[in-house]
Amino acid sequence: MSIIVKPLVTEKANAITEKKNNRFSFVVVKDASKDDIKKAIEDLYNVNVEKVNTLIAPAKRKSRYTKAGMINGSVPSYKKAIVTLAEGQTIDFYSNIQ
């Protein structure tokens, strides 16, 4: 089972990366520990991870108006990992896009 679900590429995550060039955000499985995340990032991207910060983003209620009336739903919660790499190292998410 893969620990890393996907890299998190949002405006807020990009702002963190621009502020400190060696920080990157990932969505990970909820039961992953910091050591598991560190090992998975190091194996996948061949970098040295100095620090891993994690948080669980709560679920959010969403509603919208349609022709059929009001539709209610929710966005599920997920675990986010903010990874700090060793000085001078970086991850290029867009290197294999053609």
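These figures come from a predicted structure and were not determined experimentally.
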Any chain of hydrophobic side-chain contacts (each under 4.5 Å) joining [X] to [Y]?
{"X": "Val28", "Y": "Tyr45", "result": "yes"}
{"X": "Val9", "Y": "Ile16", "result": "no"}
{"X": "Val75", "Y": "Val27", "result": "no"}

Might you point out which heavy atoms bring [X] and [Y] nearest each other, and give the distance in Å?
{"X": "Val47", "Y": "Glu42", "value": "O-CG, 3.1 Å"}
{"X": "Lys38", "Y": "Val49", "value": "CE-O, 3.2 Å"}
{"X": "Val29", "Y": "Ser2", "value": "CG1-O, 3.7 Å"}
{"X": "Phe26", "Y": "Pro7", "value": "CD2-CA, 3.7 Å"}
{"X": "Asn21", "Y": "Thr90", "value": "O-OG1, 4.4 Å"}
{"X": "Ser74", "Y": "Arg61", "value": "CB-NH1, 4.0 Å"}

Checklist entry - For Ser77, what residues pass the side-chain hydrogen bond (donor to acceptor under 3.5 Å, both in side chains) criterion, not counting sequence neighbours? => result Lys30

Item to check | Check: Arg23 main-chain N/O paired with Thr17 side-chain donor or acceptor under 3.5 Å | outcome: yes

Nearest 0.5 Å, please: how far is [atom2] in [Y] from [atom1] in [X]?
{"X": "Leu55", "Y": "Tyr78", "atom1": "CG", "atom2": "OH", "answer": "7.5 Å"}
{"X": "Ile82", "Y": "Leu8", "atom1": "CD1", "atom2": "CG", "answer": "8.5 Å"}
{"X": "Ile41", "Y": "Ile4", "atom1": "CD1", "atom2": "CD1", "answer": "3.0 Å"}
{"X": "Glu50", "Y": "Leu85", "atom1": "CD", "atom2": "CG", "answer": "8.0 Å"}
{"X": "Tyr65", "Y": "Ile71", "atom1": "OH", "atom2": "CD1", "answer": "12.0 Å"}

Next on the checklist: Assess the residue pair Glu87 and Asn22 against the criterion (side-chain contact (heavy atoms from CB on, under 4.5 Å)); give the C-alpha distance rounded to whole Å, side-chain angles, the decisive distance to 0.1 Å, and a yes or no.
Outcome noted: CA-CA 7 Å; Glu87 193 65 36; Asn22 57 349; 4.0 Å; yes

